[in-house]
Amino acid sequence: MTQKQKIKDLEKQLKHAKENTYIYETNHLHCNDGEIHIGFGDIGENEKWLVWNVNSLFDDLPYIVSQVVKEQANMQKWKLQSLKESLKEIKQ
């Protein structure tokens, strides 16, 4: 890969990163004036907020809850399998 191609690839990655926000955990939740305010990121200067209209959120809630429950079940299954494999290694 040439340096020009690498720069182009990095610019594409940067553009993608700027268009998306990953929220690992929240640190504030409150509602006001028909909106839910969700604080995330470093508390203080770097803290960011997601502000969501509650009517829109309410309409999407059934889908959100069903997907969260499915993903949580998948994660628990994966963690349980990892624990079983670790225990097998310990017993050997």
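- The number of heavy atoms from other shown groups lying within 6.0 Å of CD (Gln5) is above 12.
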Would you mind writing out the side-chain donor-acceptor pairs for residues 67-84 within the sub-3.5 Å range, not counting sequence neighbours?
from	atom 1	to	atom 2	distance (Å)
Gln81	NE2	Glu85	OE2	3.3
Ser82	OG	Trp78	O	3.1

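- In the hydrophobic clustering of this structure, Ile38 groups with Ile23; members are Ile, Leu, Val, Met, Phe, Trp, Tyr whose side-chain heavy atoms approach within less than 4.5 Å, directly or through other members.
- Applying the side chain to side chain donor-acceptor pair (under 3.5 Å) rule to Glu89 yields no partners; only residues at least two apart in sequence or on another chain are considered.
- At least one side-chain heavy atom of Asn20 sits less than 4.5 Å from a side-chain heavy atom of His16.
- Between Trp52 and Ser56 the shortest heavy-atom distance is NE1-OG, 3.7 Å.
- Taking the side chain to side chain donor-acceptor pair (under 3.5 Å) definition, one finds that Lys15 meets it with Glu19, sequence neighbours left out.
- Taking Ile, Leu, Val, Met, Phe, Trp and Tyr as members and joining any whose side-chain heavy atoms lie under 4.5 Å apart, directly or through other members, Leu10 forms no hydrophobic cluster with any other residue.
- Note on Ile64: it clusters hydrophobically with Phe40, by side-chain heavy-atom contacts below 4.5 Å among ILVMFWY residues.
- Ile36 and Leu50 fall within a single hydrophobic cluster, where Ile, Leu, Val, Met, Phe, Trp and Tyr are joined by side-chain heavy atoms under 4.5 Å apart, directly or via other members.
- Not a single side chain to side chain donor-acceptor pair (under 3.5 Å) links Asn53 to another residue, sequence neighbours left out.
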Just list the side-chain donor-acceptor pairs under 3.5 Å for residues 26-34, sequence neighbours left out, or say none.
from	atom 1	to	atom 2	distance (Å)
Asn27	ND2	Gly41	O	2.8
His28	NE2	Glu47	OE2	3.4

